[in-house]
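First comes the structure, then the notes that go with it.
This one's a predicted model, so the numbers in the text were calculated from it and none came from an experiment. As the structure lists them, so they are numbered: ligands from 1, and atoms in each ligand from 1.
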Amino acid sequence: MSLPAMIKLKNRPVDPEALAARFIALENHEITHDRLVWRMRTNRDEAIAGVPDWQELRELASQIKEHTLTHLDDYLEQFEENAKNLGTIVHWARDAEEHNATVHEILKSHGVKSLIKSKSMLQEECGMTPYLEKRGIEVTESDLGERIQQLSNEPPSHIVVPAIHKLRTDVAELFAKNLGTDGNNSDPHYLTEAMRENARPRFMKAGAGMTGANFAVAETGGFVVCTNEGNADIGASVPPLHIASIGIEKLIPRARDLGVFIRMLSRSALGSPITQYTSHFHGPRKGGELHVILVDNTRSDRLGSDDFWHALKCIRCGACMNTCPVYRRSGGLSYGATYSGPIGVILDPGLDLSKYRELPFHSSLCGSCSEVCPVKIDISDQIYKWRRVVAEKGLMRVSKAVGMSALGKVLPHPELFHAAELAAESALAHTPRFLLYNTLNPWGKHREMPAAAPQTFRQWYIANRRPK
Ligand code: SF4
């Protein structure tokens, strides 16, 4: 197994169980989050039922992405050349530091002190906002959910709906503190209007607007941004300077390939046929200036990994999060990372293995994520492989490593397994409670173990299915 250079060991590990416990302890949050996120999943199911060739589209999307990624150097050069021909200024960034420094340099050279930006997971990944704020630039998120998260000093908890983990009453409280609204009024229209009043003057005075990109088209040198609020458009249209951060994996070869991905993106994300705004940018607007920053930040290392390169096909639709039972019940902030849910579990360890070593175990491995992924990423296989990497690097938690090692000795021997099964049954019935529910068993803090079934599966199989 090739272990790519992307594996870094630098930070203290996040503890998803402790973070999940914090979320679960908040009244009504877990149940509301589960309901809202699951609704997006069922909306997605209904939307794709109306597209008879959905499975063919998935296959095509997967093939286009794989083809692009295996010819990425050519497509990047083609994109750069065509973008320059349109009058776009193209920059390259090896990592987050180079990306942030490039943005700062462009803003400084234009004397910009105030920036509005639409949602970009890449800019989150690079830690761009704190970097710019430290250097005296005022940054305002223009997406409503992102702005709520910014005012809360929290990262997004979902890649499509960043504040989905909050109740309306949480937002009312937050706005009362920051915008002076009535903290007892949680009417969404009232709150949205208050945000509009607060945000508009910031939009009008901003010296630059930043966006990400959903797709960058090599054949044209243009790129596409999809939003439901039109906020990327205002950022790109009002200030004279537009900067777009684009991960190098966002390339697709031809404009006609957009027809495949645009049909899948919003249906997979929210169950709607298309995003409200699908904006195409081809060079700077008249009198304006457009900069594109093509960012690597470990993507090339991932591309060189046999086991993990398929994760680069991701179009950030969030469908895998909406279907994941662990994500729905623990909330996105429990991952302690830029990317949460199943896609986070396979992306974050590649950014920092030491810090995110626990995330591959924050999954039931049920495989539902792989089933819904519109670009057919083998997410659950990759989660399993990340577990293997964590174990091989000696980074597994001691209690887990001991348990796994014991299982490894028992499972290859059917007789031993059978004896252990019977012993466990009787042990569970007689073990004192404090030995089962203690600090070594964090999952036991919030749930009771079900009583053992009167019959094991083996006993049932022998009685009902075994050929006589
Ligand atoms: S991994 Fe697949 S399902 Fe998950 S966000 Fe990416 S494209 Fe969507």
Side-chain angles (χ1 to χ4, degrees), residues 37-38 40-45 47-48 51 54-55 57-66 68-69 119-122 124-125 155-162 164 212-215 224 226 247-252 257-258 260-272 274-275 299 302-303 305 307-328 332 335 337-351 356 359-360 362-386:
V37 175
W38 183 248
M40 291 197 282
R41 160 69 211 263
T42 52
N43 287 348
R44 170 251 176 215
D45 293 349
I48 69 164
V51 184
W54 184 258
Q55 293 306 332
L57 270 182
R58 280 182 84 207
E59 184 54 39
L60 190 54
S62 170
Q63 283 180 14
I64 294 170
K65 278 284 181 182
E66 288 187 15
T68 317
L69 288 166
K119 186 159 68 59
S120 157
M121 292 309 293
L122 175 59
E124 282 290 332
E125 179 187 317
S157 79
H158 188 289
I159 55 180
V160 177
V161 276
I164 188 79
N214 293 84
F215 307 101
V224 174
C226 303
I248 56 173
E249 83 285 13
K250 291 290 166 82
L251 265 283
I252 55 172
D257 299 326
L258 284 168
V260 176
F261 293 102
I262 299 287
R263 285 179 79 193
M264 306 194 87
L265 180 62
S266 193
R267 283 184 171 89
S268 297
L270 301 168
S272 53
I274 196 163
T275 46
R299 285 158 177 76
R302 189 179 291 270
L303 195 53
S305 157
D307 286 330
F308 301 118
W309 73 277
H310 280 118
L312 292 168
K313 293 194 289 181
C314 178
I315 57 170
R316 308 285 193 265
C317 70
C320 56
M321 308 164 91
N322 302 343
T323 201
C324 174
V326 176
Y327 174 85
R328 284 190 278 119
Y335 295 74
T338 301
Y339 301 99
S340 56
I343 182 61
V345 168
I346 61 174
L347 287 183
D348 298 320
L351 293 167
Y356 301 118
L359 292 191
H362 205 57
S363 162
S364 65
L365 284 188
C366 64
S368 184
C369 46
S370 308
E371 289 298 313
V372 298
C373 178
V375 285
K376 298 182 102 172
I377 299 175
D378 51 346
I379 308 171
S380 52
D381 289 352
Q382 291 195 35
I383 295 175
Y384 170 71
K385 284 173 182 161
W386 273 117

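- Classified by interplanar angle (parallel below 30°, tilted 30° to 60°, perpendicular above 60°), the ring pair Tyr327/His158 is perpendicular.
- Scanning the protein heavy atoms around atom 7 (S) of ligand 1, the nearest turns out to be Ile315 N, 3.4 Å.
- Of all atoms in ligand 1, numbered sequentially from 1 with element shown, those under 4.0 Å from a heavy atom of Val375 are 7 (S).
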When you look at Ser340 and Met321, which way does the side chain to side chain contact (heavy atoms under 4.5 Å, CB included) test go after all the steps?
CA-CA 8 Å; Ser340 56; Met321 308 164 91; 3.2 Å; yes
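- Side-chain atoms of Arg58 and Gln55, non-hydrogen and from C-beta on, do get closer than 4.5 Å to each other.
- Tyr356 contributes atom OH, which lies 11.0 Å from atom CG of Leu347 (distance to the nearest 0.5 angstrom).
- The existence of a salt bridge linking Lys376 and Glu66 is excluded, since no basic side-chain nitrogen approaches an acidic carboxylate oxygen closer than 4.0 Å.
- Excluding waters, the count of protein N/O/S atoms less than 2.8 Å from atom 4 (Fe) of ligand 1 comes to 1.
- In this structure, Ile346 CD1 and Cys369 SG are separated by 8.0 Å, a value rounded to the nearest 0.5 Å.
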Would you sort out whether Asp45 and Arg41 count as a salt bridge (Lys or Arg N to Asp or Glu O under 4.0 Å), showing the intermediate values?
CA-CA 6 Å; Asp45 293 349; Arg41 160 69 211 263; 3.0 Å; yes
